[in-house]
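Order of appearance sets the numbers: ligands from 1, and atoms from 1 within every ligand.
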Amino acid sequence: MGKPTITFSKLVDKLQQHYGTPAPPPSADPLELIIRENVAYLASDQRRAAAFTALKETIGTRPEQILAAEHSALAKIGKAGILPDISAEKLLTIAKIAYEGFDGDLRPALKKPLPQAKKALKKFPSIGDPGAEKILLFTRSYPVMALDSNGLRVLYRVGFADEQKNYSATYRLVQDAIRSQLPRDYDSLIGAHQLLRQHGQELCKRTKPRCAECPVRTECAYNRNAALSQ
Ligand code: SF4
C-alpha cells in the first residue's frame with residue numbers, strides 16, 4: 001500500500017477538528033473496565049453502559065457482591081446484549097479471579113513491570129493484548145497506544161500497514177508503524193484512542209465507509225485506491 005501521506009499526530013488533529021474534544025474513558029478503575037467489557041455481549045456502547053449501571057445499582061460491582069448474586073439476576077442484566085447466560089458466567093469468572101487472585105483489587109498488579117501487568121489482565125475473560133493495553137492506558141498505568149478494532153481499521157486503511165488475514169498480525173504491524181510517532185503523555189494517547197474509535201464507529205465503518213464525509217479522505221490510501229479502481 002506504500003507509506004501513509006499523513007503523520008499520526010496530523011491524523012489525530014484532523015479527527016479532533018472534525019469530532020471535537022474526545023469523550024473521556026468510561027472508567028479509570030481496572031476491574032470496572034473489565035466488567036464493562038463483559039457485562040453485555042455484542043451490545044452497543046449505550047446499552048453496555050446501561051447494563052453496567054444496572055449491575056452497579058442492583059447487585060454491585062465488587063467481586064464478593066457479584067459472587068453472592070443469583071445467576072438469573074446477572075443474566076437479566078446481560079440481556080442488554082446477546083447470550084445473557086454467557087455474560088453472567090463471565091461476570092462470575094471475573095469476580096472469582098479478582099477475589100481469589102487479586103484480593104479484590106487489581107491496581108497493585110498494574111504497578112508491576114509491563115509484561116507482568118499485561119499477563120495479570122489477560123487472566124480475565126475477553127481480555128487479550130488490545131484489551132489489556134486499553135486498561136493500562138485508561139488507568140494511567142502505562143502510556144501505551146491501545147487500539148480497539150475501530151481505531152485499528154482507520155489506521156490500516158489510511159495506510160500505516162497492510163491488513164493481514166490475522167487480526168493480531170495486523171495489530172502488531174500497525175503498532176510497529178506508529179510507534180516512533182506516538183505522543184508520550186496519557187492525555188494525548190487517551191484522546192487519540194477515543195478519536196480513532198469514534199471515527200471507526202461513525203465514518204470509517206467496517207462496511208461502507210463514508211469516505212466522502214471524511215476529514216482525512218485526501219490522505220487516505222483506501223480512498224485513493226477506491227477512486228483509482230472506479
Ligand atoms: S477516507 Fe474512508 S477509508 Fe479513509 S479514513 Fe476516511 S472513512 Fe476511512
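Residue-and-atom listing of protein N/O/S atoms under 2.8 Å from atom 8 (Fe) of ligand 1, sorted by chain and number: Cys204 SG.
Glu64 is linked by a side chain to side chain donor-acceptor pair (under 3.5 Å) to Arg62, counting only residues two or more places apart in sequence or in another chain.
The closest side-chain heavy-atom distance from Asp187 to Arg140 is below 4.5 Å.
Connection of Ile86 to Ile127 is not established within any shared hydrophobic cluster, with ILVMFWY side chains joined at heavy-atom distances below 4.5 Å, either directly or through further cluster members.
A salt bridge links Arg179 to Asp176: at least one charged side-chain nitrogen sits closer than 4.0 Å to a carboxylate oxygen.
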With salt bridge (Lys or Arg N to Asp or Glu O under 4.0 Å) as the criterion, how do Glu32 and Lys56 come out once you've worked through the C-alpha distance, each side chain's angles and the decisive distance to 0.1 Å? CA-CA 10 Å; Glu32 271 200 19; Lys56 200 163 190 168; 3.0 Å; yes
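With a 6.0 Å cutoff to the six-membered ring centre and a 45° limit on the axis angle, Lys123 does not count as a cation-pi contact of Phe102.
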